[in-house]
Amino acid sequence: MEKTVSWWDCGEFIACAYKLEVAHQPGAPLFLLIQNIFSNLAFGNAGKIAYWMNIGSAICSGLTVTFLFWTITAIAKKILREDKYALLSNCLQIFGAGIVGAMAFSFSDSFWYSAVESEVYAMSSLCTAVVFWGILKWEARAVEEGSDRWLVFIGFVMGLSIGVHLLNLLAIPAIAMVVYFRKATQVSAKGTLKAFVVGVLILGTVLWGIIQWLVGLAAKVDLVFVNSLGMGFGSGIFFSCALLLGSIVYGLYYSHTKHKYTLNTALLVFCFVLFGYSSYTMVMIRGKANPSLNNNAPDNVFSFLGYLSREQYIREPLLKGPYYDSQVVGVKSKTGYRKDQSAYVPFTQVDKYQFDKETFFPRIYSQDGSHQAYYRSYLNLKEGQQPTFSDNFKFFFNFQLGDMYTRYFLWNFVGRQNDKQGYGTYNDGNWLSGIKTLDNWRLGAKINFPQLKSMIQAETPISFCRCFWG
């Protein structure tokens, strides 16, 4: 375990958790609240605060592996018939599968790296493990009365996970698939695709609808109440919350009295997602207190909305965007609002830039000079030569998938050369199999670097060059 602070976001998270300050957008309030509990185990010794927060991540990581073990054994049991569970050999197979899978994940590069430091990924992995374990619990009891309480439980954990990291939301399409395969009388390709699309729509509803659009709607209502009706700040938010609460209560009452079971369950899940999401009230409460670390100063609904929507980050194009050599031909603006003494004051801010040429699914879009030079080098484009649509996809398949993703995948399940950032060189950041012949064929024969270092120190530049190049 890391004995002190690691060199990246960990220092910020430790400081914010210790003093309950506002971390960088879009925030991790539940993570900070839980880590604050671990900071108290230092009993006032400031030198031990980071250590105890790292223990908090290690505990979350251990629980993640535990839930993964239970998930694997649950899946392994499905492979065997129920009458075979009592056989010792089959029990050993089930537990063996769980142990091998859980340990393989435990010692994988990415998981171990985040498991030992005060970062959000250990707790986020725990949320994901609990959610998938929960859907398998539901799947095993789907025909029993009251089994859908597991879906409500999953909704609550999903809501809690928003206060840690948004990564857990990616489990929603997988959950939709499990529900479909369990409920469908006859599985088909069309039904499978439909279930996946429904899962993606639910993911989008949570990611944008609940996390941002609900707050955006409350902001617009508060704008009307403050600027048009002359009421105090937050009056529109109070009205929006009351309206939302009344709608949920009426919907639950209506669906219960009319025996609309699916609607009732969906509303309960939605309600518990909001319960979990309520950890974000900590952001506005602490933003109002104006602590020393107060990113975006979310002390009102508009700055809070900007905090959630990560307005300060560069917007990366996903489906449509420019090439790296595209020129800006226009700017699209939008109206924002900031809190004044007695009203919200409008101001104009840049929404996005317009370019002279754009493409579908842009992968080579960065305007950074060093990035552009790498694009040209990788794609063998001369200075001034315009990239084409095929160049865009060539970079995607060859570099992003072929080089970067493959390397990252093999880091976790094969081996890693070292902890240095690699930029296409043979000496840093590559994946290693441990098979000397294969690694030498891919990366060339290894140089004895300690011996080379002593050679550099001992020899003159001329004799060193003669030694190195023969």
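The figures here come from the full heavy-atom set of this structure, side chains too, leaving out hydrogens, waters and symmetry mates. Note that the structure is predicted; figures quoted are calculated from it, not measured.
For the residue pair Asp222 and Tyr344, a side-chain donor N or O sits within less than 3.5 Å of a side-chain acceptor on the partner. Remark: the Ser370 side chain and the Asp368 side chain contain an N/O donor-acceptor pair separated by less than 3.5 Å. No donor-acceptor contact under 3.5 angstrom links the side chains of Asn296 and Ser303, judged on distance only. Inspection of the Glu117 and Trp8 side chains reveals an N or O donor paired with an N or O acceptor under 3.5 Å. Side-chain polar atoms of Ser110 and Tyr121 form no donor-acceptor pair below 3.5 angstrom. Judged by distance alone, the side chains of Asn54 and Ser57 never bring a donor and an acceptor atom under 3.5 Å apart.
Listed here is the closest heavy atom pair of Ser124 and Asn168: OG-N, 4.2 Å. Here the shortest heavy-atom pairing between Gly287 and Asp299 reads O-CB, 3.8 Å. Between Phe355 and Ser326, the closest heavy-atom pair is CD2-CB, 3.9 Å. The nearest pair of heavy atoms linking Val131 to Ala171 is CG1-CB, 4.4 Å. Nearest heavy-atom pair across Leu305 and Gln212 is CD1-O, 3.7 Å. When all heavy atoms of Asn295 and Val22 are compared, the closest pair comes out as ND2-O, 2.8 Å.
Put simply, the side chain of Trp70 does not reach to within 4.5 Å of the side chain of Phe132, judged on heavy atoms. Looking at Leu217 and Ser240, their side chains never come closer than 4.5 Å, going by heavy atoms from C-beta outward. Put simply, the side chain of Arg286 does not reach to within 4.5 Å of the side chain of Asn294, judged on heavy atoms. Between Ile175 and Trp138 the shortest side-chain heavy-atom distance does not fall below 4.5 Å. Residues Leu308 and Val283 are not in side-chain contact: their nearest non-hydrogen atoms beyond the backbone lie 4.5 Å or more apart. Within the 4.5 Å cutoff, no side-chain heavy atoms of Met158 are placed close to those of Ile202. Side-chain atoms of Ile55 and Leu41, non-hydrogen and from C-beta on, never get closer than 4.5 Å to each other. Using a 4.5 Å cut-off on side-chain heavy atoms (C-beta onward), Ile72 and Ile99 make no contact.
A donor-acceptor pair is defined here as one N or O able to donate and one able to accept, closer than 3.5 Å; no such pair exists between the side chain of Ser377 and the backbone of Ala373. Between the side chain of Trp150 and the backbone N or O of Leu136, no donor-acceptor pair lies under 3.5 Å. Judged purely by atom type and a 3.5 angstrom limit, Gln35 uses its side chain to pair as donor or acceptor with the backbone of Met53. Under the 3.5 Å distance criterion, the side-chain polar atoms of Asn412 are matched with a main-chain donor or acceptor of Asp109. Between the side chain of Gln367 and the main chain of Tyr365, a donor-acceptor pair closer than 3.5 Å is present. In this structure a side-chain-to-backbone donor-acceptor pair under 3.5 Å is missing from Asn290 to Ala297. Looking only at distances, no side-chain donor or acceptor of Glu139 sits under 3.5 Å from a matching main-chain atom of Val178. Of the possible donor and acceptor atoms, one in the side chain of Tyr280 sits under 3.5 Å from a partner among the backbone N and O of Gly27. The backbone N or O of Ala46 lies less than 3.5 Å from no partner atom in the side chain of Tyr18, so there is not a single donor-acceptor pair. A donor-acceptor contact shorter than 3.5 Å links the side chain of Asp439 to the backbone of Ser433.
The neighbour count for Phe239 CZ, taken as heavy atoms of other residues, nucleotides or ligands under 6.0 Å away, does not exceed 12. Other residues, nucleotides and ligands contribute at most 12 non-hydrogen atoms within 6.0 Å of the OH atom of Tyr408. Applying the 6.0 Å contact sphere to NZ of Lys339 captures more than 12 heavy atoms from other residues, nucleotides or ligands. Taking a 6.0 Å sphere around CZ of Phe304, one finds it holds more than 12 heavy atoms contributed by other residues, nucleotides or ligands. No more than 12 heavy-atom neighbours from other residues, nucleotides or ligands sit within 6.0 angstrom of NZ on Lys19. Shown here is Lys320, whose NZ atom has no more than 12 heavy atoms of other residues, nucleotides or ligands within 6.0 Å.
Of the inter-residue distances, the one linking Tyr353 atom OH with Gln327 atom CD reads 13.5 Å to the nearest 0.5 angstrom. Rounding to the nearest 0.5 Å gives a distance of 10.5 Å between CG of Asn430 and CZ of Arg416. Taken to the nearest 0.5 Å, the CD1 atom of Ile210 stands 9.0 Å off from the OH atom of Tyr277. Distance check: Asn227 CG to Asp340 CG gives 10.0 Å after rounding to the nearest 0.5 Å. Note that CG of Asp148 is 10.0 Å distant from CG of Leu268, once rounded to the nearest 0.5 Å. With rounding to the nearest 0.5 Å, the separation of CZ in Phe13 from OG in Ser118 is 8.0 Å.
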Step-by-step side-chain contact (heavy atoms from CB on, under 4.5 Å) determination, Asn300 to Tyr337: CA-CA 10 Å; Asn300 65 84; Tyr337 293 89; over 6 Å; no

Please walk me through it: do His24 and Tyr313 pass side-chain contact (heavy atoms from CB on, under 4.5 Å)? CA-CA 11 Å; His24 67 269; Tyr313 293 127; 3.5 Å; yes

side-chain contact (heavy atoms from CB on, under 4.5 Å) assessment of Gln400 paired with Tyr405: CA-CA 6 Å; Gln400 292 185 318; Tyr405 179 78; over 6 Å; no

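Cation-pi geometry between Arg149 and Phe153 is not met at under 6.0 angstrom from the ring centre and within 45 degrees of the axis.
Asp391 has no carboxylate O lying under 4.0 Å from a charged side-chain N of Lys394, or vice versa, which leaves the two without a salt bridge.
Ring geometry for Phe413 against Phe409 counts as tilted: the plane angle lies between 30° and 60°, on a 0 to 90° scale. Classification of the Phe393-Phe361 ring pair by plane angle, with boundaries at 30° and 60°, yields tilted. The aromatic rings of Phe156 and Phe272 lie perpendicular to each other, with more than 60° between the two planes, well past the 30° mark.
Annotation: Tyr378 is in aromatic contact with Phe395 [ring centroid separation under 6.0 Å]. For Phe399 and Tyr374, the ring centers sit closer than 6.0 Å to each other.
When each of His371, Gln386, Arg363, Arg376 is tested with Tyr324 by the rule side chain to side chain contact (heavy atoms under 4.5 Å, CB included), just one qualifies, namely Arg376.
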